[in-house]
There are 4 protein chains.
Amino acid sequence: MGAVKSKRMPRAERERQMLDAAVEIIGRHGYTAASMDDIAELAGVSKPLVYLYLNSKDDLFTACIRREAAALTRAVRAAVRPDLPAERQLWDGVQAFFTYTAEHPDGWTVLHLQARTHGPKFAAEADAMRAEMAAFVTRLIASAARESHPACDLPAHEVAGLATALIGSAETLADWANTTDGVTAAHAATTLMNFAWSGLGNLMTGNHWTAPDPA
Amino acid sequence: MGAVKSKRMPRAERERQMLDAAVEIIGRHGYTAASMDDIAELAGVSKPLVYLYLNSKDDLFTACIRREAAALTRAVRAAVRPDLPAERQLWDGVQAFFTYTAEHPDGWTVLHLQARTHGPKFAAEADAMRAEMAAFVTRLIASAARESHPACDLPAHEVAGLATALIGSAETLADWANTTDGVTAAHAATTLMNFAWSGLGNLMTGNHWTAPDPA
Amino acid sequence: MGAVKSKRMPRAERERQMLDAAVEIIGRHGYTAASMDDIAELAGVSKPLVYLYLNSKDDLFTACIRREAAALTRAVRAAVRPDLPAERQLWDGVQAFFTYTAEHPDGWTVLHLQARTHGPKFAAEADAMRAEMAAFVTRLIASAARESHPACDLPAHEVAGLATALIGSAETLADWANTTDGVTAAHAATTLMNFAWSGLGNLMTGNHWTAPDPA
Amino acid sequence: MGAVKSKRMPRAERERQMLDAAVEIIGRHGYTAASMDDIAELAGVSKPLVYLYLNSKDDLFTACIRREAAALTRAVRAAVRPDLPAERQLWDGVQAFFTYTAEHPDGWTVLHLQARTHGPKFAAEADAMRAEMAAFVTRLIASAARESHPACDLPAHEVAGLATALIGSAETLADWANTTDGVTAAHAATTLMNFAWSGLGNLMTGNHWTAPDPA
DNA sequence: TATGAATGAGAATTCATTCAT
DNA sequence: TATGAATGAATTCTCATTCAT
């Protein structure tokens, strides 16, 4: 997996190799267990060069998070056609999400776990992406509600909670698919839609769940 | 928050203080950023005593995970009365879950984030708890299905996926409640039931979600 | 091997147990690798008691060296009858020496190796014993010379060198016997006499070895 | 004695400096009393560099033992001309041995004492050298026997014992020469030949020592 | 652009030793 | 006599980071 050693290549490409190496090592061993030595070696360059380009371990990690977040976001966005119905948009986005996370397990680990466990600075980077995902889902829920039940209005803060819940399911199912034999991205995607969509449908019709009698 | 410094106490009590300190520091700063010095200081003892009682940083972390997992599990179990209907059991359990995680944010972080990001050994400890939660939810879904729609049968592996999705929602909502002003445990609990229960209800009636026409 | 745990015994006996344990552990693992914890545990007492009786690790080691040196010296002395001829005295002493070292390998290691490798303080303790052995051998050589070749006079410093050489052989042969299968104490004793005695005989007759022509 | 502090030198040279420092410190203070800090300081470098090059305290020690063993072996071998008579070969080798040990007392201590008192791993390293010395001496004894008394045959295991005894004398005399004022390498060498050679001569003529009447 | 040489700062861990009972 | 509780002081080792070329 280590890049073939070849001297003198353009900066952009070298940087990509370094980030590749960093994502792989951080994803597999964790941020703190990942040493700059290991990363430099896997990237096929000397450590000073890593510092020359990426500046510090923190910056390197930040760059990893940003790159992986951007790539995941891009993949999802590319799959969604805003002119289609909300349900369809969600389905397409969800499929793209699970496909991407299955194909980039180290990147997913970096985003989902590593970025969130090593201090607020990195967590904030990852949260930016989650916020974008949440905004996307929120928009869809709202628009689905408008489409199908113009009368109903779900209060904004409630929609935020639902979006959070849906994203939480998605994240956990992505881990589940990545670590459970026989569970594919398609599988995870269907499970998520099954789990989430009809519940959401009910809510949009004003059909809230009510707590059972506390007797 | 550090224990009042008072010398010479029985081992069991000292050990508890140490675990308290460790959970707090690890929860706030992360496992690797937490130094044994900091933990010992917060516990009000010298480092050698920590080693004498807990043996190593790894063992200390493991002990934290186990203790917190046991406490959370216990809280949920204590809230659930197995003779009540499934929906009610779920509701009670969910409430207990969010209440506990809100009251023990450091412990929750240790379980939910730290334990999963520092190697398989610790992840396995946390997974044991997740498996128990999943089993609980799985049982409830199955029993709810039996209660209300004896005719329907959801295949086991599908139920497993749904349980995973539900737990994922719960975990994420717990984080959300802990980090978002104005969101209470009760709030999170209601959101989760809203989100999950009616969807589950549909599935139990055999009413699966179907993918929109791919055209 | 550890002493049976029984409370409240006379000081002398307890001390013996502690020294037994210390010799065993130090002999097998080396002085620095031997921890006071291990020694106390093997002796079946608590660490503070070891300190109460033996004062410090240094003092404990010193006590071990002295005890083992005294025991070895005593064994050799007991085997020698000063009224017999020198050759016979040497032979009896050598046999006793190899028998004792074979039966007390840990004690022998403490004396021969450990005492000499952890600073001058301990080395001096062991040297006292070597000096005594050397004096014994020196006396024998001188008396043998007198017995058989009254005319000859070996200068004192030369005798000292020969005694050192003989003792060096003996020490090394003791290690060799202790670590080589099939080599007994009797074997080692015979080898030593074979090696040393006839050479000494020659010297006593004034028959010195002379360097070959350096051509 | 510490190297003049001059930065930036090739790795091989730095490594040599480190080994020099390590041999000196370990030889004088013992393996366990020698701290990596001390060694690094004497070598004129920072501790991390010692670890970078030599890997661990254990490996550093092993490297010391090997280097010193090789140097001593080389010195002896260089002094011996295999085409000369056995006695002459032994005499030359013995002289070289005592000369070398006198000129490198720390190295000799490392080999003779330290290597043998800190666990089997290091002892095995030193034993390799002793085995080589023993083989050399064994060969010489056998060849001397053949040269002068073709009729006699000393059994192999007996020769091994004699070689061990001779080497033991040599080692002890080396210590003696290093620690006794007025005793030179030449002195020690002559003493050893005096002590050993005529005894060996007797044995080769079949003239074994026999135990005195046990009466 | 690229690297071999080098380090400051701090981490976990251990150990001989003592106190209070 | 005997011990459970506790610690000061090291020690090995690692790592992010920089210098000189």
Side-chain angles (χ1 to χ4, degrees), chain A residues 5 7-11 14 32-40 44-61, chain B residues 5-11 13-15 32-40 44-60, chain C residues 5 7-11 14 32-40 44-61, chain D residues 5-11 13-15 32-40 44-60:
Chain A
K5 197 148 193 172
K7 309 248 153 159
R8 305 255 156 195
M9 60 175 58
R11 170 159 184 157
R14 271 274 193 258
T32 21
S35 81
M36 294 298 268
D37 273 288
D38 296 344
I39 293 170
V45 297
S46 70
K47 242 188 314 174
L49 199 60
V50 179
Y51 278 87
L52 190 61
Y53 283 2
L54 275 316
N55 202 49
S56 76
K57 196 186 181 187
D58 269 30
D59 286 1
L60 170 58
F61 190 25
Chain B
K5 196 145 190 172
S6 94
K7 308 255 152 152
R8 304 258 148 193
M9 59 179 59
R11 171 166 181 156
E13 193 171 347
R14 270 280 191 255
E15 256 187 61
T32 18
S35 83
M36 294 298 269
D37 272 289
D38 296 344
I39 292 170
V45 296
S46 69
K47 231 186 324 171
L49 200 59
V50 179
Y51 279 89
L52 190 60
Y53 285 178
L54 275 315
N55 204 48
S56 74
K57 198 184 181 188
D58 268 33
D59 285 3
L60 170 58
Chain C
K5 197 148 192 170
K7 308 250 153 157
R8 304 259 155 193
M9 59 175 57
R11 170 158 185 159
R14 270 274 193 258
T32 22
S35 82
M36 293 299 268
D37 273 288
D38 296 344
I39 293 170
V45 298
S46 70
K47 240 188 316 173
L49 200 60
V50 179
Y51 279 88
L52 191 61
Y53 284 1
L54 276 314
N55 201 48
S56 75
K57 197 187 181 187
D58 269 31
D59 286 2
L60 170 58
F61 190 25
Chain D
K5 197 146 190 173
S6 94
K7 307 254 153 154
R8 302 259 150 194
M9 57 179 60
R11 171 166 182 156
E13 193 172 348
R14 269 279 190 257
E15 256 187 63
T32 19
S35 84
M36 294 299 269
D37 273 290
D38 296 344
I39 292 171
V45 297
S46 69
K47 228 187 328 171
L49 199 60
V50 179
Y51 279 91
L52 190 61
Y53 286 177
L54 276 314
N55 204 48
S56 74
K57 197 185 181 187
D58 268 34
D59 285 4
L60 170 58

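Chain A is the first sequence line, chain B the second, and so forth, proteins listed ahead of strands; every chain is numbered from 1.
When all heavy atoms are compared, the tightest approach of D/Met36 to D/Tyr51 is CG-OH, 3.3 Å. When every heavy atom of A/Asp38 is checked against every heavy atom of A/Ala33, the shortest pair comes out as OD2-O, 4.4 Å. Across every non-hydrogen atom of D/Ala34 and D/Lys57, the tightest pair is O-NZ, 2.8 Å. Of all non-hydrogen atoms in C/Ser46 and C/Ala40, the two that sit nearest each other are C-CB, 4.1 Å. Across all non-hydrogen atoms, the minimal contact from A/Asp59 to A/Leu54 is CB-O, 3.1 Å.
D/Lys47 contributes atom NZ, which lies 14.5 Å from atom CG of D/Leu52 (distance to the nearest 0.5 angstrom). In this structure, CZ in B/Arg8 is found 9.5 Å from CZ in B/Arg14, a value given to the nearest 0.5 Å. Going from atom CG of B/Leu60 over to atom CD1 of B/Ile39 covers 5.0 Å, rounded to the nearest 0.5 Å.
Of the candidate nucleotides F/dA2, E/dA2, F/dT7, F/dT7 has the atom lying nearest to any side-chain atom of B/Ser46. For A/Leu52, the side-chain atoms get nearest to E/dT1 when compared with the rest of E/dT1, E/dA6, F/dT7.
Using a 4.0 Å heavy-atom cutoff across all strands shown, C/Arg11 reaches no nucleic acid atom at all.
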TODO: Using a 4.0 Å cut-off on protein heavy atoms (strictly under), produce a 5'-to-3' string for nucleotides 14-21 of chain E with B for base contact, S for backbone-only sugar-phosphate contact, and - for none.
DONE: BBSBBBS-

Task: Dot-bracket notation for DNA chain E, counting Watson-Crick and G-U pairs under 3.5 Å, with | for partners on another strand - done: .||||||||||||||||||||

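Between B/Leu54 atom CG and E/dT13 atom P there is a gap of 12 Å when expressed in whole angstrom units. Whole-Å rounding puts the B/Leu49 CG to E/dA12 C1' distance at 16 Å.
Within the structure, every side-chain polar atom (N or O) of B/Arg14 is placed at least 4.0 Å from both OP1 and OP2 of F/dG4.
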